[in-house]
Amino acid sequence: MTDLIDRLKDKSLLRTDSYVNAAWIAGEDRFAVTNPADRSVLAEVADVGEAGARKAVDAADQAFQSWKKTSVYERARLIQKWNDLILEHADDLGTLITAEMGKPFGEAKGEVIYGAGFVAWSAEEAKRLHGETLQTPFPGSRGWTLRQPVGVVGCITPWNFPAAMITRKCAPALAAGCTMVVKPAPETPLTALALAELADRAGIPKGVFNVICGDAQKIGPVLTGSDVVRMIGFTGSTQVGKLLMKQAADTVKRVSLELGGNAPFIVMDDADIEKAAEGVIASKFRAAGQTCVSANRIIAQGAIADQLVEAIASRMGKLKVGSGFDKGVQIGPLIHEEAVARVDKLVQDAKKRGAKILTGGSPLVDELGGAFYAPTLIDGGNDYALELACFEIFGPVASVYRADDEAEILRLANDTPYGLAAYLYTSDVNRVHRMSEGLDFGMIGVNAPMVGSPATPFGGVKESGIGREGGKWGVEEFTEMKFVLLGGVD
Ligand code: SIN
């Protein structure tokens, strides 16, 4: 805790109570937030439980009555101010992310800037929300649509992007005129609470943006069960997404779900192999592989497979693992030791089935004293039944598979219940069209290892989710379209 305070320039960003109706509230319990790099306790954060959740929902409901009527220019001004404060405090927010989540400080600060991009975009987009005038079948009548805010939104966010997954949901919702109750992951509440502190300083009115921490089993049902909460936004596992969807069904809430992935990273025989290998490193090892869009199955076409494996291996040899605060580190710890055990189980399955472990292949918990796993490269040959190929790895393990023709590659890539991101490396423009249209995924990176940006739609198909974040779609997601028919105008 002292160490973390020492690192912060603005020490008052370290908040440990929940933010409800512009006040900091504590609950009956507190829970420990730990640094995954060394198991040290960073803070004891208040668990506000059911009572705190109800308070937040009431506050958001009350605030909605005036926020929805606040001019979009005023909403945009306040959201922009929040953006400015986030950027001003990018170092401190990055420090909090590295401390509680583990990703290297440079990457953490990059996440803050990435996340702020959604805030700035939403402030602008608030002014561009509009309806349309429509033809009607009735002589003399007029018809038009209105875009109005959905209402109070419950937002449940993950630990892998403690800042960006909050800003990507909340800024567009606020821009649309919704009010929010945010429940961050228990592993990373400190970044969320710091964002609340900055929203407060930006002058976002009381009750509009609330952040509550605590036990998901108690808080989740309050959000999904309330008839005041009209929408649930969630990023996390498909398993929890399905549960939230079921819970939200009773009050027919809208859901926006960004769930798990199993991204194929396809390298065709006409691709630039060095660029593809660089892409694998960027996609696979961002956040130590703990992203939903991380390359999960690297599928190489025919003869280039060995060359690709070699190019990936030579880059992986240079990756430095350690605390995200140490200079030159590119791979931090996993979120906790259960995550290490889960990743290792997938690797052990591959070993048992005869896959070749080319580098790594084991935890570094004892060596480095935290939740570390060695960057691992596995040649899976043609065995697409490896657990590594079937499940989301969420760790620094790259596994390469082989296939021959384009149709077979498409079939293998689509052979998963997931459909979030896919990557395709090729220099043939006809292939770009054929394959990007044939891949059953919400986002395709062609010769590009990253697909998210403030202006573009982020989201999946199949069991990877519903709805889109980012761009104009990300703001529209938080609106209802209303139709008005005016009869009898002469
Ligand atoms: C995610 O993995 O959930 C988000 C990744 C991104 O925004 O690029």
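Predicted model, so just to flag it, every value in this text is computed and none were measured. Basis for what follows: all heavy atoms, side chains included, without hydrogens, waters or symmetry-related copies. The chain is numbered in sequence order, starting from 1. Atoms within a ligand are numbered from 1 in the order they appear, just like the ligands themselves.
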- Any idea which protein heavy atom is nearest atom 2 (O) of ligand 1, and the distance to it? Cys292 N, 2.7 Å
- Heavy-atom nearest neighbour in the protein, as seen from atom 5 (C) of ligand 1, with distance rounded to 0.1 Å: Phe161 CE1, 3.7 Å
- Message: Need the ligand 1 atom indices (1-based, order shown) with element for anything under 4.0 Å from a heavy-atom of Tyr114.
- Response: 6 (C), 7 (O), 8 (O)
- Query: Of the options Leu259, Ile156, Val255, which is the one that meets Leu244 in a side chain to side chain contact (heavy atoms under 4.5 Å, CB included)?
  - Reply: Ile156
- Message: Working to the nearest 0.5 angstrom, can you tell me the gap between Asp415 CG and Leu410 CG?
- Response: 12.0 Å
- Query: Counting from 1, what ligand 1 atoms have a heavy atom of Thr291 closer than 4.0 Å?
  - Reply: 2 (O)
- Message: Using the rule given for ring-ring contact (aromatic ring centres under 6.0 Å, His included), can you reason through Phe458 versus Trp473, listing the C-alpha separation, both sets of side-chain angles and the distance that settles it, and then say yes or no?
- Response: CA-CA 9 Å; Phe458 191 104; Trp473 309 274; over 10 Å; no
- Message: I'd like to know if Arg201 and Asp10 make a salt bridge, using a cut-off of under 4.0 Å between side-chain N and carboxylate O.
- Response: yes
- Message: Between Arg468 and Glu477, does any side-chain N to carboxylate O distance fall below 4.0 Å?
- Response: no
- Query: Taking only heavy atoms of Phe458, which atoms of ligand 1 are found under 4.0 Å from at least one of them?
  - Reply: 4 (C), 5 (C), 6 (C), 7 (O), 8 (O)
- Message: Taking the basic N atoms (NZ, or NE/NH1/NH2) and the acidic carboxylate oxygens, is any pair closer than 4.0 Å for Asp379 and Arg402?
- Response: yes
- Query: Is any NZ, NE, NH1 or NH2 atom of the basic residue among Glu125 and Lys472 found under 4.0 Å from an Asp or Glu carboxylate oxygen of the other?
  - Reply: no
- Query: Of the backbone atoms (N, CA, C, O) and the side-chain heavy atoms from C-beta on, which set of Asn160 has a member under 4.0 Å from an atom of ligand 1: side chain, backbone, both, or neither?
  - Reply: side chain
- Query: Which of the numbered atoms in ligand 1 are below 4.0 angstrom from a heavy atom of Arg168?
  - Reply: 4 (C), 6 (C), 7 (O)
- Query: Going by the atom numbers of ligand 1, which of them fall below 4.0 Å from some non-hydrogen atom of Met165?
  - Reply: 4 (C), 7 (O)
- Item | Atom indices of ligand 1, in the order listed, that fall short of 4.0 Å to a heavy atom of Arg286 | 5 (C), 6 (C), 8 (O)
